[in-house]
Amino acid sequence: MTSNNEVLFQRAQAHIPGGVNSPVRAFGSVGGTPRFFREGKGAYLWDADGKRYIDYVGSWGPAILGHADSDVIAAVKQAADHGLSFGAPTEAEVEMADLLCKLLPSMEQVRLVSSGTEATMSAIRLARGFTGRDKFIKFEGCYHGHADSLLVKAGSGLLTFGNPSSAGVPAAVAADTLVLGYNDVEQLECMFAEIGSEIAAVILEPVAGNMNLIKPSEAFLSTLRRLCSDYGSVLIFDEVMTGFRVGPQCAQGLFGIQPDLTTLGKVVGGGMPLAAFGGRADIMSKIAPLGPVYQAGTLSGNPIAVAAGLTTLKKVTAPGFFEQLNKSTQILVNGLLAEANTAGITLSAQAVGGMFGVYFSTRCPSSYAEIMQCDKSAFNRFFHAMLDQGIYFAPSAFEAGFVSAAHTEQDIKQTILAAKTVFSKW
Ligand SMILES: *Cc1c(COP(=O)(O)O)cnc(C)c1O
């Protein structure tokens, strides 16, 4: 019998490029047919065939309360009854800004936008406008959305400038993006010694989650903070993924480092299109209408998205929320490690807050180069075998996983049991 997922995927490809509205969804990395979901509730998703999965993607991060959380849904319904969009200020967005600035000591002012891409693109423009400099640094393997200047990979050699990583990005745009190695302190020091006074900003994921999961070293973060302060460069923490995912004060709270600007997305919208960028008031005051850096959005601060975001933020910053989430995530990681160990399979894994990484390698990687050495075909086999068992992990060896507050002890146990079955037939 043909699966409804296959039928839908065939049909989708007629009028949607590749059948998907965002590339990783196509299962290109793992092969096979993407699942089309028709419902999500708590930790579960149901596909077009009615098959149930325990979900560890969580819409790539936002679903930290699980799917269709009753408080979030109620807030969205209530907001919808009052109108979908006004293109004018509302009280709820003021409340959202107040809450974000209260939760994050580094954030004095914040602007709401509709996607993480918009947040990082605007933060880069702002940093350039504020400093009057063009060049900025990003790190290999970090993803910051799909703005032109961020779709850039390393050139050859330390002081050569970046090359476009996508067709359609002019070489001239990429040339001002410098791409360095994550956790490479020496390279960073060299770059600043050479051209520090020309660098507008450094942008990074303070825990990298778009090349599987990579933790920053303490030296990497403290060196970044020191160099940016010394050279007057704007330190941007892209916390679109880590924001309210690794702790109640995001990664900056976890590591005790204050960035100059922060970008947020995913969890802050609670599943609706909402993102934000904010930070030091002297920098934020350069944005229109106060300053010369232009930035705008028809749907920015959308009332429905703000309602979902506010309700989500209040729940995730309640006392004890992260203690429980951290515990669930750690139990999952420990369980997977134990089963792999029993079966004699080379696996490493780690968690930060409600994020986790699973690697088919002897130890947890700390750089893009090390991630690339993991056994990708082993991951792909694992992914499909787990999918058969009703466990939905991200369809790529280079994505982090997410646990939600809706994942019960029983769900996690069932996941570990599924891994045991998979590994026993390895
Ligand atoms: C997801 C993500 C983005 C892009 O956000 P979109 O809402 O998909 O545009 C940017 N930065 C990081 C770190 C992300 O994980």
Side-chain angles (χ1 to χ4, degrees), residues 20-26 56-64 104 111-127 136-153 165-166 177 179 182 201-216 221 224 235-247 250-252 254-255 259 261-279 295 297 299-302 305-306 308-309 312 352-357 368 371 394-396 398-402:
V20 292
N21 281 310
S22 196
V24 214
R25 298 179 193 174
Y56 291 100
V57 180
S59 187
W60 301 97
I64 195 165
L104 293 179
R111 179 154 284 176
L112 302 182
V113 292
S114 301
S115 73
T117 292
E118 259 188 279
T120 53
M121 176 186 80
S122 305
I124 294 285
R125 182 183 306 140
L126 176 58
F136 73 91
I137 293 174
K138 81 175 281 289
F139 297 95
E140 199 173 19
C142 283
Y143 176 69
H144 304 291
H146 61 91
D148 282 357
S149 67
L150 288 157
L151 291 179
V152 175
K153 60 182 186 227
S165 63
S166 161
T177 306
V179 184
Y182 199 84
V202 181
I203 186 168
L204 77 153
E205 293 179 70
V207 175
N210 285 287
M211 46 173 161
N212 205 322
L213 183 152
I214 289 187
K215 285 186 184 176
L221 292 183
L224 273 168
L235 179 59
I236 305 170
F237 271 18
D238 180 359
E239 300 229 39
V240 169
M241 184 183 286
T242 53
F244 307 105
R245 164 56 68 182
V246 300
C250 313
Q252 52 198 270
L254 204 59
F255 301 123
L261 291 178
T262 300
T263 55
L264 296 166
K266 300 193 167 110
V267 170
V268 284
M272 294 293 287
L274 184 94
F277 66 100
Q295 187 278 330
L299 294 175
S300 292
N302 174 267
V306 168
T312 302
V352 184
M355 272 170 87
F356 65 91
Y368 181 73
I371 278 283
S396 162
F398 306 109
E399 302 287 348
F402 302 103

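Both counts, for ligands and for their atoms, begin at 1 and track the order of listing. Along the sequence shown, residues are numbered consecutively beginning with 1.
- When G145, A147, G265 are checked for heavy-atom proximity to atom 10 (C) of ligand 1, G145 turns out nearest.
- Atom 8 (O) of ligand 1 has T117 OG1, 4.6 Å as its closest protein atom, hydrogens excluded (heavy atom only).
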query = Step by step, would you call V202 with F136 a side chain to side chain contact (heavy atoms under 4.5 Å, CB included)?
reply = CA-CA 6 Å; V202 181; F136 73 91; over 6 Å; no

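- Close approach of ligand 1 to S115 is summarised as follows: ligand atoms under 4.0 Å from at least one heavy atom of the residue are 7 (O), 9 (O).
- Atoms of ligand 1 lying under 4.0 Å from at least one heavy atom of D238, given by number and element, are 10 (C), 11 (N), 12 (C), 13 (C).
- For the side chain to side chain contact (heavy atoms under 4.5 Å, CB included) with F277, the qualifying choice from R111, M121, E239, E118 is R111, the only one to do so.
- Among the atoms of T120, none of the N or O lies under 3.5 angstrom from an N or O of ligand 1.
- In terms of polar-atom proximity, H144 is not counted as a contact of ligand 1, lacking any N or O under 3.5 Å from an N or O of the ligand.
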Derivation and outcome, side chain to side chain contact (heavy atoms under 4.5 Å, CB included), residues L204 and F237: CA-CA 6 Å; L204 77 153; F237 271 18; 3.7 Å; yes

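- Here the protein heavy atom with the shortest distance to atom 3 (C) of ligand 1 is V240 CG1, 3.7 Å.
- Near M241, the atoms of ligand 1 lying under 4.0 angstrom from a non-hydrogen atom of the residue are 15 (O).
- For ligand 1, the atoms lying closer than 4.0 Å to a non-hydrogen atom of E205 are 13 (C).
- Residues R125 and Q295 have side chains that never bring a donor and an acceptor to within less than 3.5 angstrom of each other.
- Protein heavy atom nearest atom 15 (O) of ligand 1, with residue, atom name and distance: K266 NZ, 2.6 Å.
- Of the heavy atoms in T263, none comes closer than 4.0 Å to ligand 1.
- Proximity of a side-chain donor or acceptor of S166 to a complementary backbone N or O of L151 within less than 3.5 Å is not detected.
- Listed by number with element, the atoms of ligand 1 under 4.0 Å from a non-hydrogen atom of G116 are 4 (C), 5 (O), 6 (P), 7 (O), 9 (O).
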